[in-house]
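Residue numbers start from 1 in every chain, and the chains themselves are labelled A, B, ... in the order their sequence lines are given, proteins ahead of strands.
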Amino acid sequence: MRYRRLDSTCLNSLLNKPPTHLKAELPRNKPPKLPGSNPPVKSAKVSSSDIVQWNRSVTQHMRQGECDTALRLFNSMPAKSCVSWNAMISGYLLNGRLDLAQKLFDEMPQRDLVSWNIMLSGYIKNKTFGSARMLFDQMPVRDVVSWNTLLSGYAQNGYVDDAKRIFVMMPVKNEISWNGLLATYVQNGRIEEARKLFESKDNWPLVSWNCLLGGYLKKRMLAEARTLFDKMPVKDQVSWNTIISCYAQNDDLEEARKLFDESPIKDVFTWTSMLSGYVQNGMLYEARRIFDEMPEKNEVSWNAMIAGYVQSNRMDLAREFFEAMPCKSISSWNTMITGYAQNGDIMSARRLFHCMPNRDCISWAAIIAGYAHSGNSEEALRMFVEMKRDGGRINRSAFTCVLSTSADIAAFEFGKQIHGRLVKAGYHTGCYVGNALLSMYCKCGSIDEGYDVFQETAEKDAVSWNTLIIGYARHGFGKQALRLFESMKDAGIRPDDVTMVGVLSACGHTGLIDKGMEYFYSMGRDFGITTNPRHYTCMIDLLGRAGRLDDAQNLVKDMPCEPDAATWGALLGASRIHGNTELGEKAAEMIFRLEPWNAGMYVLLSNLYASSGRWRDVSKMRLKMRDTGVRKMPGYSWLEVQNQIHLFSVGDTMHPDSKRIYAFLEELELLMNKEGYVSATKLVLHDVDEEEKAHMLKYHSEKLAVAFAILNVPSGRPIRVMKNLRTGKQSTDTCFLVLPVSRTHEKLLSEATAQKRDE
DNA sequence: ATAGGGTTAG
C-alpha cells in the first residue's frame with residue numbers, strides 16, 4: 001500500500017510526463033526534456049534539480065509497474081546521478097526483476113551505500129540468502145540500515161538464531177533494530193522471549209507495543225493482551241483493532257462489541273474483525289447487520305460473509321452474495337467451490353472451477369478434495385495430473401488429498417509417482433504429508449515401504465504410529481504391530497483409542513488372546529482411554545476366532561454402549577467359522593434390524609446356512625434379499641500393470657486377454673488334479689449346480705486377476721491384487737476404479753455405480 | 001529522487 005499512491009501524480013506519470021505540481025514546488029527549475037520532444041539544450045550543463053525531477057519520474061513509472069517506460073526515460077537522461085541508477089535498481093526489484101536489477105548494479109559506474117543496501121534487500125526479498133550474505137560481506141561500508149536489513153531478512157524466514165547473532169554483532173543499534181529482534185520472536189512464535197525482551201527495556205515505540213500485542217493475539221493469550229493494551233501510553237487504530245480481534249477470535253463477542261463501540265475510529269479492519277467474530281460463532285444475523293452497516297466494504301468483508309453462509313450450509317445465500325460481490329478474488333471463488341463440494345454439489349463446484357478467471361493451488365486442492373470426497377477418485381487423480389500439466393505450484397494439501405485418494409483405491413503406481421514428486425518439491429518431511437504417504441503404502445499393501453516412510457518422517461505424531469500399527473495388523477503382521485506399540489510407548493507418545501484398535505486387532509490376527517484381554521482391560525487404567533464399539537468388535541473377533549463363542553457373547557452383553565452392526569458382524573463371522581448357526585442367526589437378525597441395506601450380511605448368513613446344509617434357509621435368504629431390494633455388490637479384483645488398471649469379476653470374459661487367462665487356468669488345473677487336488681465347494685450358494693459351483697470357485701475374480709498377473713507381470717516383481725469386498729464388509733471406497741482398460745470394463749463400472757445409487 | 005522495523009480482517 002505504501003508504494004501505491006493513486007493520485008494525480010500517478011496519472012501524470014502515465015502520460016509519460018514528470019508531475020506538474022512538483023514544478024510549482026521548484027519554480028526556478030526547468031522541467032527535463034522528454035525523449036521525442038525538443039532535444040536537450042546544447043549546453044551540457046544539467047542542473048542537479050533537473051536530475052532530481054528525472055529520478056522522481058523514473059521512480060513513479062516503476063511504481064506503476066512500467067519498467068520499459070522507466071528504462072526509456074533513464075536511457076534518455078542527459079546526465080545521471082547515483083540516485084538515478086539506484087532508482088532503476090530499486091524499481092526493478094519492486095517489479096520482481098532481480099536479474100535486471102543485478103545487471104544494472106554490476107554495470108553502474110559508482111555505487112554508494114544506498115545502492116548496496118537496495119541490492120541487499122533485493123536478495124533477501126528473493127530469498128537468495130547466500131547472495132545476500134556474500135554481498136553483505138563484500139560491502140565496503142555498512143551502516144545500521146544494512147544490519148537491520150539482514151536482521152529482518154533472517155527473522156522473516158525463520159532463522160531466529162542467525163537474527164539474534166546479527167543483533168548482538170551490530171556496532172550501532174537503533175529503535176528499528178530493537179523492534180527487529182522483538183518481531184523476530186513474535187513472528188516465530190517465541191512469545192515468552194518476546195515478552196522478556198519487551199520487559200527488559202522502556203520507551204518502546206508504538207509499533208513495538210502493537211507488535212507484542214499482535215503476538216499475544218496469535219497465541220490467544222487474552223489476559224496478557226488485555227493487560228498490555230490497558231498499559232499502552234498511546235493507542236492507535238491498529239491497537240484497537242488488535243484487541244477487538246483478540247476477543248472476537250476467542251468467542252467473547254460481548255467484550256469485542258464493547259470495545260468496538262468504544263473504539264474512537266472504525267476502519268475497515270475494525271468492522272471486518274467484528275464481522276468475522278460473529279461469523280466464527282455462527283451468529284450470522286449479527287454478522288449480516290454489521291455487514292449492512294459498515295460504510296466501506298472490501299474483498300475480505302465480502303469473503304467473510306460468504307464463508308459464514310458456506311459454513312452453515314446456506315449455499316443459496318452464499319451464492320447470492322458471491323454474485324453480488326463487486327470485487328471477487330480467487331479466495332471468493334475458492335470458498336464457493338469448497339462450499340459446494342462440502343455440500344455434495346460437485347457439479348456446481350466443477351462449474352465454478354472451470355469458469356473462474358484464475359486458479360491458484362488452493363483452487364486445485366479444493367476441486368481435487370471435492371472429487372475425492374464425493375467418491376470420484378478417478379476424477380480426483382485426473383485433476384491432479386492436469387494440475388501438474390498446468391504447471392502451477394502444488395501445495396501440501398493437494399498432495400495429501402491425492403495421496404489419500406490413491407490409498408482409497410489402492411492406486412499403488414500412481415501413489416509412488418506422487419511420492420517422487422513430493423521429494424522433488426521438498427514436501428516429504430512434513431507430518432501431514434508423511435502420514436498420508438505412510439497410509440498410502442499401508443493401504444496398498446506395501447508395508448515395507450510404509451516402514452521406510454515412517455522412519456524418514458521427522459515429526460512423528462500419534463497418527464503416524466497408529467497408521468503403521470494398523471497397517472501391520474491389517475496385513476497380518478501382528479507381532480510387528482505389537483513391537484511397534486511398545487516402541488511408541490518408549491518414545492513417549494501416548495496411545496489413543498485408535499492405537500488400541502490396531503493393537504487389539506493385531507492380537508486377534510496373531511492369536512494372542514490373553515495378551516489382547518490384558519490390553520483391553522488395562523486401556524482405561526494405563527492410558528485413560530474409554531472403550532468404544534470398535535474395541536469391543538476387535539475383542540469379539542479375537543474371542544470368536546479362538547472358538548470362545550460364549551465369552552464373545554458375554555462381552556456383547558457387557559458392552560456399556562450399544563453394539564453396532566460391525567460388532568454383530570464379528571459375532572456372525574465367528575459363528576460361521578465354528579458352524580454355530582443359532583448364534584449366527586441371532587447376530588444376523590440384529591444386523592438386519594440395524595442395517596437392512598447391508599447386503600454383505602445376507603450373503604454371510606446365506607453361506608452359514610449353506611455350510612450346515614440348510615438349503616431351504618438359503619433360498620429364504622435369497623427371497624428376502626429380492627423382496628427388500630437389497631443387492632449384493634458385485635465383487636471385483638483388479639491390479640495395476642504399466643499404469644493401467646485391469647479389472648475382473650467372477651467368471652469374467654470381458655477382458656481382452658480372457659482366452660489366454662482361461663487357457664492358463666485350465667492348464668494349472670490339470671496339473672493340480674494330477675497332484676490329487678479336489679476343490680471344496682462347501683461355501684458356495686446352493687442353487688447353482690455342481691459344475692457351475694466349481695466354475696465359480698475356479699474362476700472367482702481374484703483367481704482371474706492373479707492368472708493375468710502371472711502372465712503379464714515380469715517375473716521377480718511382486719503381484720498386487722486388490723478387491724472391493726471383504727468378508728462381511730462391503731467396502732464402498734474401493735469400488736470406483738481408475739482408468740478402466742476397455743469399454744466393456746467401463747460398462748462394468750457403470751453397473752456398479754448404478755447399483756450403489758439404488759442403495 | 002534511492003535503502004532498514006510492525007501490528008489488525010478471510
A.B. asks: Tell me whether the side-chain N/O atoms of A:Lys218 come closer than 4.0 Å to OP1 or OP2 in B:dA9.
C.D. replies: no
A.B. asks: Rounded to the Å, how far apart are A:Gln60 CD and B:dA1 P?
C.D. replies: 9 Å
A.B. asks: Expressed as a whole number of angstroms, how long is the span from A:Ile265:CD1 to B:dA9:C1'?
C.D. replies: 17 Å
A.B. asks: Looking at A:Lys196 and A:Glu199, does any basic side-chain N land under 4.0 Å from a carboxylate oxygen?
C.D. replies: no
A.B. asks: Using a strict threshold of under 4.0 Å (side-chain N to carboxylate O), is an ion pair present between A:Asp292 and A:Arg288?
C.D. replies: yes
A.B. asks: For the pair made of NZ in A:Lys297 and P in B:dG10, what is the distance, rounded to whole Å?
C.D. replies: 17 Å
A.B. asks: Does a side-chain N or O of A:Gln187 approach OP1 or OP2 of B:dG6 to a distance below 4.0 Å, or not?
C.D. replies: yes
A.B. asks: Would you say B:dA3 has OP1 or OP2 under 4.0 Å from some side-chain N or O of A:Arg111?
C.D. replies: no
A.B. asks: Rounded to the nearest Å, what distance is computed from the CG atom of residue A:Leu135 to the C1' atom of nucleotide B:dA3?
C.D. replies: 12 Å
A.B. asks: Under 4.0 Å between a side-chain N/O of A:Gln280 and OP1 or OP2 of B:dG10, yes or no?
C.D. replies: yes
A.B. asks: Check whether any side-chain nitrogen or oxygen of A:Thr149 sits under 4.0 Å from OP1 or OP2 of B:dA3, and answer yes or no.
C.D. replies: no
A.B. asks: Give the rounded distance in Å between these two atoms: CG of A:Asn334 and P of B:dG10.
C.D. replies: 16 Å
A.B. asks: Quick one: are the ring centres of A:Phe167 and A:Trp147 less than 6.0 Å apart?
C.D. replies: no
A.B. asks: Heavy atoms from C-beta onward define the side chain here; which of B:dG6, B:dA1, B:dG4 lies closest to that of A:Asp236?
C.D. replies: B:dG6
A.B. asks: Can you tell me the distance, in whole Å, between the CG atom of A:Asn303 and the C1' atom of B:dG10?
C.D. replies: 6 Å
A.B. asks: Relative to each other, are the rings of A:Phe321 and A:Tyr309 parallel, tilted or perpendicular (30° and 60° limits)?
C.D. replies: tilted
A.B. asks: For the side chain of A:Val145, starting at C-beta, report the closest nucleotide among B:dG4, B:dT8, B:dA1.
C.D. replies: B:dG4
A.B. asks: Could you tell me whether A:Leu213 contacts a base, only the sugar-phosphate backbone, or nothing, with contacts defined as non-hydrogen atoms closer than 4.0 Å?
C.D. replies: nothing
A.B. asks: Please name the residue in the list A:Tyr92, A:Phe74, A:Trp54 that meets the ring pair (Phe, Tyr, Trp, His ring centres under 6.0 Å) test with A:Trp85.
C.D. replies: A:Phe74
